[in-house]
Amino acid sequence: MTAAENVCYTLINVPMDSEPPSEISLKNDLEKGDVKSKTEALKKVIIMILNGEKLPGLLMTIIRFVLPLQDHTIKKLLLVFWEIVPKTTPDGRLLHEMILVCDAYRKDLQHPNEFIRGSTLRFLCKLKEAELLEPLMPAIRACLEHRHSYVRRNAVLAIYTIYRNFEHLIPDAPELIHDFLVNEKDASCKRNAFMMLIHADQDRALDYLSTCIDQVQTFGDILQLVIVELIYKVCHANPSERARFIRCIYNLLQSSSPAVKYEAAGTLVTLSSAPTAIKAAAQCYIDLIIKESDNNVKLIVLDRLIELKEHPAHERVLQDLVMDILRVLSTPDLEVRKKTLQLALDLVSSRNVEELVIVLKKEVIKTNNVSEHEDTDKYRQLLVRTLHSCSVRFPDMAANVIPVLMEFLSDSNEAAAADVLEFVREAIQRFDNLRMLIVEKMLEVFHAIKSVKIYRGALWILGEYCSTKEDIQSVMTEVRRSLGEIPIVESEIKKEAGELKPEEEITVGPVQKLVTEMGTYATQSALSSSRPTKKEEDRPPLRGFLLDGDFFVAASLATTLTKVALRYVALVQEKKKQNSFVAEAMLLMATILHLGKSSLPKKPITDDDVDRISLCLKVLSECSPLMNDIFNKECRQSLSHMLSAKLEEEKLSQKKESEKRNVTVQPDDPISFMQLTAKNEMNCKEDQFQLSLLAAMGNTQRKEAADPLASKLNKVTQLTGFSDPVYAEAYVHVNQYDIVLDVLVVNQTSDTLQNCTLELATLGDLKLVEKPSPLTLAPHDFANIKANVKVASTENGIIFGNIVYDVSGAASDRNCVVLSDIHIDIMDYIQPATCTDAEFRQMWAEFEWENKVTVNTNIIDLNEYLQHILKSTNMKCLTPEKALSGYCGFMAANLYARSIFGEDALANVSIEKPIHQGPEAPVTGHIRIRAKSQGMALSLGDKINLSQKKTSI
């Protein structure tokens, strides 16, 4: 029996605040009361029976006084009553009274009201007594021809359950339903009938489908979904049927229902790996992403596309659809755009890179024109990074991309500008033919750069790569323009004193025409003398940075000026020009030093910056060949080494990815021929419908479950002692945002325990969804109680509570057994993630909660300790392998992870091996954790503390 076919019995919540009524008072109400009091009395009887009371004396009363009533509410309640009431004697024979009930239901099946007929048919699905059902069979068959679809569809369900449980009562059910299906017009009735044929007689279902396979597109979506499921199951069990039904699946890709299209595309991919099939399915997925407004749907379907791409044979087909995939970028959601760009980047090839770059350039320009939105800057960053990756992989594209991107160096968003700068730095080093273009473009936008960090980077690039006399002169001109009038100190003092004339301006206000009381025109103008305040002054950018006290840019400028001056001396033979240029560079450095020592800037110059500028002045005054080499060759070599190491690392990670994806087949592996495989051996492929159903119910079978430590037993928590009257243990199942507690409760006494209730409370960001219903436990009986808990954020939660119960026949108060606490492990919510160094540093500065954990371990090797922490915390190490390799007695590494709720967790591991304590001394040091929320930082710290020591197995 599959999970979908399990019977769901009626569950009714029981209010605990009132005393249970006596049997006599209930009998009285059922006999003599009006309809309202009979309804209330019937409800109380149902609740008492559910709580374990027998009440046999009321059965005949209900048959005599309640069953004949025509009130719809009472009829509905009676259906619940007959479902739960004991229908047999202790020796298993049917009660004689049930014959009267059977007759009443035969009448209800012939009732003129379709609601009563339909709900009675629904009730018959739950009956498990063949003797009760046998007299009703002619009436049930007759309901198949009722005028109302509600009755007909429930009649089909009733016939299906009766056929499944008691085939002898209606042996011709498949034939009957097949004939009914052929003549039926209503979509829901056809769907139920078809569903029955699938499970009862699959051959008839296939025969019916064969007769109407061309009309499938005209069916309702609920029937189409069932047809997709049937085709999937048939082709899964019998691959030779594929050719017969694959055309039908192709047609269903054109369905008007998104659900049908999604299922049909998923089925098509599993049935055929032909390029045309993969292309049709991918095209269908892309259309769904574009047309569906719900972002969750977009992300789910995008994941299916990414799964398709993982298959090496399908990747080439998807490469042709890159331009279609990029249509998804019209969605405003950042997460969808991020996944789409990543997918497009994975699929890009030399055939489509040109078109991809054109689209991305348009998108970048678009972000400049839209009104500022919080995600616009992040989206622009994503686009810049994608273009960067394209240009590195396909150098021919760099010339098209660079001019567009360099406009963004003057962007107010520093993060996007920093990404552009990083890209430009890599491009200018890698592509010699683009150096002239980049330097020219950089000189154009240089004066418009607003951020000091970007300014420093731009200065470095200009200083490093300006190689002609004209470019060097242009750099000097731009620097002079950016510094303003020199000497800086004197000109600023003059401004303060008001000696400079341009400061004071006479302005004539706009002329206004006014109408006087007499109706004539009068002209009014204003002559004003104004002196702008300091804030209004339009200072040149570099001068502004220096007066704000940012002298690190001055040190960078000094290095740049030294480089270009040394290069100018090498290029120009004329001694006078050489001296003039070097003197100008030295003058600029000297005036900056003077400014730093004066009281004009907001912050004085630091000693480091003074040393750097003084060193550059000394180098220029001496012009030694050694210094020339260091400034003009060594710097560039350092960049080259860094870029090649970065490229090597990227290639290594790509190689690992491709190794994961490539299916390796051993030389002696047996070859499986589908045509020669027996039907019962076709279980190599999992049933997708069954898997998705299990996933929805939270019963996902994880692949690592083969490991006994990862099995269910590892997650069972004992809640009470073995000597307690009630023994309880809980299996904690974490399913993303829900925790399901499956609590086994065992009555260890010889008494019947009534109203046995599991009372739970939570601590932390957990919320109990519903209160578990009370149970009645027979002596030495056991029961399972399920409780759902919602999780809102990543922090260690605690679930605590007790079990309360009454002992049957005892006069004492309620008994209580206190449960042990259940600790929810934070690791179920944390997943490894990656981010750039710049993002890590930015988050490190922003996050306000820090938890410092002292290393206390028995591990003696630094690398082993780091790997142990990574395994224990589910974090990813951002520090490259090369930086961690080798042995030097100490180690520093950055770790990063993200929770399923989108919370970031950062950690910095600083550890060392105390050499003076000998080779067997354990690792010492600290781990600093930073997070946005206090709960995350504390929980992760607790986890590290608990798992620092290595346990010997």
Ionic contact status for [Y] with [X], cut-off 4.0 Å:
X: Lys36; Y: Glu40; result: no
X: Asp108; Y: Lys75; result: yes
X: Asp103; Y: Lys107; result: yes

Taking all non-hydrogen atoms of both residues, which atom of Ser188 and which atom of Ile222 are closest, and how far apart? CA-CD1, 3.6 Å

Taking every non-hydrogen atom, the tightest pair across Asn192 and Arg153: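 It is ND2-O, 3.3 Å.
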
Heavy-atom check, side chain of [X] versus side chain of [Y], under 4.5 Å:
X: Ile799; Y: Leu741; value: yes
X: Leu758; Y: Val745; value: no
X: Met98; Y: Val101; value: yes

Ring centres under 6.0 Å, that's the criterion: do Phe123 and Tyr105 meet it?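 They qualify: ring centres under 6.0 Å apart.
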
[X] side chain to [Y] side chain, donor-acceptor N/O pair below 3.5 angstrom:
X: Asn784; Y: Asp742; value: yes
X: Ser939; Y: Asp942; value: no
X: Tyr262; Y: Arg304; value: yes

Parallel, tilted or perpendicular: which fits the ring planes of Phe166 and His168, with parallel below 30° and perpendicular above 60°?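 Perpendicular.
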
Hey, what's the ring geometry for Phe115 with Tyr150, parallel, tilted or perpendicular (30° and 60° as the breaks)? parallel

For Asn747 and Thr749, indicate whether the former's side chain and the latter's backbone hold a donor-acceptor pair under 3.5 Å.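 Checked: pair present.
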
Supply the atom-to-atom distance [X] [atom1] to [Y] [atom2], rounded to the nearest 0.5 angstrom.
X: Tyr163; Y: Ile170; atom1: OH; atom2: CD1; result: 9.5 Å
X: Arg898; Y: Met936; atom1: CZ; atom2: CE; result: 10.0 Å
X: Lys126; Y: Thr161; atom1: NZ; atom2: OG1; result: 11.0 Å
X: Leu777; Y: Tyr805; atom1: CG; atom2: OH; result: 10.5 Å
X: Asn874; Y: Gln831; atom1: CG; atom2: CD; result: 8.0 Å

Passing candidate, side-chain contact (heavy atoms from CB on, under 4.5 Å) with Thr720, options Val726, Val817, Val746: Val817

